[in-house]
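Please read the structure below before turning to the comments.
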Amino acid sequence: QVQLVESGGGLVQAGGSLRLSCAVSGRTFTGYAMGWFRQAPGKEREFVGAISWNGGSTEYGDAVKGRFTISRDTAKKTMYLQMNSLKPEDTAVYHCAAASRGMTGSYYPAYDYWGQGTQVTVSS
């Protein structure tokens, strides 16, 4: 089993920055591709970005390209989402996810494990 716990969410003004963390416990962290998704009230789940098991490859959703950066620290078993130039439309609950079968990008059914999410609110 793999457990994922997100942290770092909060309230920030438009144009500000936040860094989310996703701590992994349970089975080995290596070998799992990781991803971030978000969901705002009344909207469908949206792909934010993903990172390969070794951090060598990343992929981002169109809405966040150039503003958000995903990274991972194998020693700390943690994935990060650095969010810059935040906009009110970035307001959502952000979830991290892990995929045992490799880089799956935006295809969320392929992710095996999900965290409970952390709220990000961007005020205008």
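For reference, positions follow the sequence shown, starting with 1. All values derive from a computational prediction rather than experimental measurement.
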Answer with yes or no whether the hydrophobic clustering places [X] together with [Y]; edges join I, L, V, M, F, W, Y residues whose side-chain heavy atoms lie under 4.5 Å apart.
{"X": "Val12", "Y": "Val64", "value": "yes"}
{"X": "Tyr60", "Y": "Leu20", "value": "yes"}
{"X": "Val120", "Y": "Trp114", "value": "no"}
{"X": "Trp53", "Y": "Leu4", "value": "no"}

Quick one: pull up [atom1] in [X] and [atom2] in [Y] and give me the separation to the nearest 0.5 Å.
{"X": "Ser17", "Y": "Gln82", "atom1": "OG", "atom2": "CD", "answer": "5.5 Å"}
{"X": "Tyr32", "Y": "Arg72", "atom1": "OH", "atom2": "CZ", "answer": "11.0 Å"}
{"X": "Glu59", "Y": "Ile51", "atom1": "CD", "atom2": "CD1", "answer": "12.0 Å"}
{"X": "Thr69", "Y": "Arg19", "atom1": "OG1", "atom2": "CZ", "answer": "11.5 Å"}
{"X": "Glu6", "Y": "Met79", "atom1": "CD", "atom2": "CE", "answer": "8.0 Å"}
{"X": "Asp62", "Y": "Glu46", "atom1": "CG", "atom2": "CD", "answer": "9.0 Å"}

Is the backbone of Leu11 close enough, under 3.5 Å, to the side chain of Thr121 for a donor and an acceptor to pair up by distance?
-> no
Mind listing the closest non-hydrogen atom pair of [X] and [Y] along with its distance?
{"X": "Arg38", "Y": "Ala63", "answer": "NH2-CB, 3.8 Å"}
{"X": "Phe47", "Y": "Gly105", "answer": "CE1-O, 3.3 Å"}
{"X": "Ala110", "Y": "Ala99", "answer": "O-CB, 3.8 Å"}

Passing candidate, side chain to side chain contact (heavy atoms under 4.5 Å, CB included) with Tyr80, options Cys22, Ser21, Cys96 | Ser21
Please tell me if the side chains of [X] and [Y] come closer than 4.5 Å, counting only heavy atoms from C-beta onward.
{"X": "Asp112", "Y": "Arg101", "answer": "yes"}
{"X": "Leu81", "Y": "Val48", "answer": "yes"}
{"X": "Val24", "Y": "Thr78", "answer": "no"}

Exercise: do Ser123 and Gln13 side chains pair donor with acceptor under 3.5 Å | no
Distance under 6.0 Å and angle within 45° of ring axis: Arg45 vs Trp36 | no
Could you walk me through whether Gln119 and Thr91 pass the side-chain contact (heavy atoms from CB on, under 4.5 Å) check?
-> CA-CA 8 Å; Gln119 176 71 47; Thr91 296; 4.0 Å; yes
Which word best sums up how the rings of Tyr94 and Phe68 line up, parallel for under 30°, tilted for 30 to 60°, or perpendicular for over 60°?
-> tilted
With under 30° as parallel and over 60° as perpendicular, where do the rings of Tyr111 and Phe37 fit, or are they tilted in between?
-> perpendicular
Any ion pair linking Asp90 and Lys87 (charged N to carboxylate O, less than 4.0 Å)?
-> no
Heavy-atom count around Tyr113 OH within 6.0 Å, excluding the residue itself: above 12?
-> yes
